[in-house]
Colleague: 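My structure is below; once you've seen it, I'll send some questions.
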Amino acid sequence: MSQEQPRRTPEDAIRYGDIFAVDGELAEKPVTPRDAAMMQTAENEMFGQTQRGHAAAAMQSAAARNERAGLVGHSDVTEVASKDGVTITETDLPGWRVITESVGGQVVSQFSRRSPIPTMTPSSIYQIDAGKDGIGSITIGEALEAAALTAGQKPVEWSDAAAIQAAEVRATGRTTIVPGGVAAAAQAAATLNARTPRAEDKTTLADILGDATSKLPSDKPASRRDAEGVAGAEMRNDPRLNTHPAGIAASVAAAARLNQNM
């Protein structure tokens with residue numbers, strides 16, 4: 001006589017928190033076919049096709065497995081996605097473009113692409129010096145400012161402060177943080193936020209990083225080693241040992257990749 005297979009329940013479904021670095025209500029929701037279809041439609045409208053290795057592809061795979069297992073229906077949609085929507089935004093920076101994909105207001109994927117650099121006029125020169133780095137190299141300070149755009153509403157946490165400190169040390173070449181600089185401000189914000197119960201009262205990345213380059217006494221183009229160091233600092237200080245998909249480490253990594261290809 002064959003042994004009866006254990007019955008699968010909705011709790012066995014692949015959830016958003018299993019495939020993306022999200023939290024709260026969304027993390028506990030199963031990925032559904034309608035959610036995946038919404039993201040696929042958004043990518044098709046933005047890029048003309050589904051983007052390999054990004055949000056729509058991951059959601060389609062998870063939703064298909066959930067549907068085959070009978071854990072979700074073909075027309076199911078999560079309340080979070082239905083209420084708050086699925087969005088894709090682009091942030092233009094000199095020489096590159098950051099694409100951020102979100103479900104219910106939470107970032108599920110963030111990547112960058114090169115874009116044409118505008119004709120260089122005296123007011124639009126984008127460089128640190130006239131040496132080997134040349135025009136168009138993206139500096140660590142500029143990557144921090146980019147994070148203020150892609151994840152600006154995120155309250156500053158210890159992982160963010162650690163990543164910002166690592167970025168500042170690498171940008172300046174100093175072994176200690178700069179008094180009154182971005183790292184010092186981030187540490188103060190993380191300490192204050194930990195004691196602040198209401199989310200709307202917390203200091204955000206945009207509050208700290210909006211003018212990051214002006215707070216750095218020196219700066220340098222972001223490199224792969226810089227990106228690895230920043231990512232390690234952010235991950236070690238995160239309770240889940242993750243980096244935010246559109247945060248400090250992601251922004252420095254995107255800058256490093258673009259610099260490497262220039």
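Values below: all heavy atoms of this structure, side chains included; hydrogens, waters and symmetry mates excluded.
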Colleague: Of all heavy-atom pairs between Ala151 and Ala246, which one has the smallest distance, and what is that distance?
Modeller: CB-O, 3.3 Å
Colleague: Cluster question for you: counting only ILVMFWY and a side-chain heavy-atom cut-off of under 4.5 Å, with indirect links fine, are Leu192 and Ile177 together?
Modeller: no
Colleague: Check the pair Thr191 / Trp158 against side chain to side chain contact (heavy atoms under 4.5 Å, CB included), numbers first and verdict last.
Modeller: CA-CA 8 Å; Thr191 301; Trp158 289 114; 3.0 Å; yes
Colleague: Side chain to side chain contact (heavy atoms under 4.5 Å, CB included) for Val108 and Val22? Distances and angles first, verdict last.
Modeller: CA-CA 7 Å; Val108 295; Val22 296; 3.9 Å; yes
Colleague: What pair of heavy atoms forms the shortest contact from Ala57 to Gln51, and how long is it?
Modeller: CB-O, 4.1 Å
Colleague: Is Lys154 salt-bridged to Asp160, going by a charged N under 4.0 Å from an acidic O?
Modeller: yes
Colleague: State the OG-CD1 distance between Ser61 and Ile19, to the nearest 0.5 angstrom.
Modeller: 8.0 Å
Colleague: Quick check: closest heavy atoms across Gly141 and Ala212, and the distance to 0.1 Å?
Modeller: O-CB, 3.9 Å
Colleague: Tyr16 and Val80: side chain to side chain contact (heavy atoms under 4.5 Å, CB included), yes or no, with the steps?
Modeller: CA-CA 11 Å; Tyr16 277 94; Val80 176; over 6 Å; no
Colleague: How many angstroms lie between CG in Leu144 and CG in Asp211, if you round to the nearest 0.5 Å?
Modeller: 11.0 Å
Colleague: Could you tell me which non-hydrogen atom of Gly210 sits nearest to which non-hydrogen atom of Ala148, and how far apart they are?
Modeller: N-CB, 4.1 Å
Colleague: Examine distances only and state if a side-chain atom of Ser82 and a backbone atom of Thr78 form a donor-acceptor pair shorter than 3.5 Å.
Modeller: no
Colleague: Please list all pairs meeting salt bridge (Lys or Arg N to Asp or Glu O under 4.0 Å) that have one or both residues in residues 163-180, counting only residues at least two apart or in different chains.
Modeller: Arg170-Asp226
Colleague: In the structure I gave you, are the side-chain heavy atoms of Asn193 and Glu157 within less than 4.5 Å of one another anywhere?
Modeller: no
Colleague: I'd like to know if the side chain of Gln49 reaches the main chain of Asn44, judged simply by a donor and an acceptor atom lying under 3.5 Å from each other, with no hydrogens or angles considered.
Modeller: no
Colleague: What distance separates Ser159 OG from Asn237 CG, expressed to the nearest 0.5 Å?
Modeller: 7.0 Å
Colleague: Once rounded to the nearest 0.5 Å, what's the spacing between atom CG of Leu205 and atom NE2 of His244?
Modeller: 8.0 Å
Colleague: Which residue is it: Thr139, Thr213, Thr172? I am looking for the one with a side chain to side chain donor-acceptor pair (under 3.5 Å) to Asp219.
Modeller: Thr139
Colleague: Give me the atom names and distance for the closest heavy-atom approach of Ala166 to Gly229.
Modeller: CB-O, 4.2 Å
Colleague: Membership question, hydrophobic clusters at under 4.5 Å side-chain separation (ILVMFWY): are Leu216 and Val230 in the same one?
Modeller: yes
Colleague: Hey, could you give me each pair passing salt bridge (Lys or Arg N to Asp or Glu O under 4.0 Å) that has a residue in residues 180-203? Not counting sequence neighbours.
Modeller: Arg198-Glu200, Arg198-Asp201
Colleague: Under a 4.5 Å cut-off applied to non-hydrogen side-chain atoms, are Thr203 and Ile208 in contact?
Modeller: yes
Colleague: Looking only at heavy atoms, which two atoms of Ser251 and Ala146 are closest? And how far apart?
Modeller: OG-CB, 3.5 Å
Colleague: According to side chain to side chain donor-acceptor pair (under 3.5 Å), who are the partners of Gln106, at least two apart in sequence or on a separate chain?
Modeller: none
Colleague: Tell me whether Met38 is reachable from Val72 by hopping between hydrophobic residues (I, L, V, M, F, W, Y) whose side-chain heavy atoms are closer than 4.5 Å.
Modeller: no
Colleague: Let me confirm one number: the OG-CE distance from Ser102 to Met39, rounded to the nearest 0.5 Å.
Modeller: 7.0 Å
Colleague: What residues, two or more places apart in sequence or in another chain, satisfy side chain to side chain donor-acceptor pair (under 3.5 Å) together with Glu45?
Modeller: none
Colleague: State which residues pass side chain to side chain donor-acceptor pair (under 3.5 Å) with Lys29; sequence neighbours excluded, sorted by chain then number.
Modeller: none
Colleague: Is Asp35 reaching over with its side chain to a backbone N or O of Val77, donor-acceptor style, under 3.5 angstrom?
Modeller: no
Colleague: Taking everything shown except Glu90 itself, do over 12 heavy atoms lie less than 6.0 Å from its CD?
Modeller: yes
Colleague: Tell me which one of Ile88, Thr87, Thr89 satisfies side chain to side chain contact (heavy atoms under 4.5 Å, CB included) with Met46.
Modeller: Ile88
Colleague: Are the side chains of Pro217 and Val178 in touch, meaning some heavy atoms are under 4.5 Å apart?
Modeller: yes
Colleague: Just verifying a value: how many Å separate Ile14 CD1 and Asn66 CG, rounded to the nearest 0.5 Å?
Modeller: 5.0 Å
Colleague: Hey, does Val31 have a side-chain heavy atom less than 4.5 Å from the side chain of Asp18?
Modeller: no
Colleague: May I ask you to decide if Ile138's main-chain N or O and Asn259's side chain share a donor-acceptor pair within less than 3.5 Å?
Modeller: yes
Colleague: Would you say the side-chain atoms of Glu101 and His54 include a donor-acceptor pair closer than 3.5 Å?
Modeller: no
Colleague: Given side chain to side chain contact (heavy atoms under 4.5 Å, CB included), test Met235 with Asn242 step by step and report yes or no.
Modeller: CA-CA 5 Å; Met235 189 177 299; Asn242 287 327; 6.0 Å; no
Colleague: With Gln165, which residues qualify under side chain to side chain donor-acceptor pair (under 3.5 Å), at least two apart?
Modeller: Gln187
Colleague: Measure from the side-chain N and O atoms of Glu234 to the backbone N and O of Ala249, and report whether any donor-acceptor pair falls under 3.5 Å.
Modeller: yes
Colleague: Could you tell me whether a side-chain N or O of Arg15 sits under 3.5 Å from a main-chain N or O of Ala27, the two making a donor and an acceptor?
Modeller: no
Colleague: Find out if a path of hydrophobic residues (ILVMFWY) with successive side-chain heavy-atom gaps under 4.5 Å connects Phe20 to Ile99.
Modeller: yes
Colleague: Within a strict 4.5 Å, meaning less than it, do heavy atoms of the Leu209 and Ile248 side chains meet?
Modeller: yes
